[in-house]
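Input: a single structure, listed below in structure tokens.
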Amino acid sequence: MLLGLRTATFRVAPAQIAAVRDWYARALGIQPYFDQPFYVGFNVGGFELGMAAVEDARPAAGSLAVYWGVNDIEAAVRRLEECGAARREPITDVGEGIRVATVLDPFGNELGVIENPHFGKG
């Protein structure tokens, strides 16, 4: 049975893993807890954001959308853009005060953010 989300992993070219690691460390403001040439893992709010070095790495637009919770979506998107991300989908109110947006990191990976005032409220 599924226990819940634990890890979201981007597949990156082995030659880019250090650059991807450095970009996410700057964008997130934290260092990875696991840092090897084949895999880098960040602990983001109790969940893992990973980068796996694989030879056939190609971002697959639309194959999976992972949204990371934020308290202030405008500030989060602005921060990601300041670090070099490109806006993919604008901040959109999807109803009941929930807002989402996606950006592409400099390596073509889609990163979603969600501001959900209801999450975690029984």
CG on Asp22 to CD on Gln31, rounded to 0.5 Å: 8.0 Å

Same apolar cluster: Val77 and Phe107, side chain cutoff 4.5 Å: yes

Note, Val103 side chain near Arg88 side chain (heavy atom, < 4.5 Å): no

Leu104 reachable from Ile73 in the ILVMFWY side-chain graph, under 4.5 Å edges: no

Value rounded to 0.5 Å, distance of OG1 in Thr102 from OH in Tyr67: 5.5 Å

Closest non-hydrogen atom pair between Gly50 and Tyr39, with its separation: CA-OH, 3.3 Å

Stepwise side-chain contact (heavy atoms from CB on, under 4.5 Å) test for Val94 and Ile114: CA-CA 10 Å; Val94 295; Ile114 182 170; over 6 Å; no

Shared hydrophobic cluster, Val70 / Phe47 (ILVMFWY, side-chain heavy atoms < 4.5 Å): yes

pair Val100-Glu89: side-chain heavy atoms closer than 4.5 Å: no

Met51 CE to Ile17 CD1 distance, which is reported to the nearest 0.5 Å: 8.0 Å

Considering all heavy atoms, the nearest Pro117-Glu96 contact: CG-O, 4.3 Å

Exercise: identify the closest heavy-atom pair between Arg21 and Phe42: O-CZ, 3.6 Å

Spatial distance of atom CD1 (Ile98) from atom CD (Glu115) [nearest 0.5 Å]: 10.0 Å

Gap separating the CG atom of Leu49 from the OG1 atom of Thr9, nearest 0.5 angstrom: 7.5 Å

Within 6.0 Å of CD in Glu55, more than 12 heavy atoms from elsewhere: no

Candidate pair Arg99 and Asp93, rule side-chain contact (heavy atoms from CB on, under 4.5 Å), full reasoning: CA-CA 4 Å; Arg99 300 188 303 159; Asp93 188 323; 4.2 Å; yes

Between CH2 on residue Trp68 and CG on residue Leu28, distance to nearest 0.5 Å: 8.5 Å

Joint hydrophobic cluster, Val12 plus Val44, side-chain heavy atoms closer than 4.5 Å: yes

Ring-ring centroid check Phe10 Tyr24, cutoff 6.0 Å: yes

Side-chain touch Leu80/Val113, heavy atoms, less than 4.5 angstrom: yes

Minimum-distance pair of heavy atoms, taken over all atoms of Ala53 and Pro14: CB-CA, 3.8 Å

Close side-chain approach of Arg79 to Arg26, heavy-atom, < 4.5 Å: yes

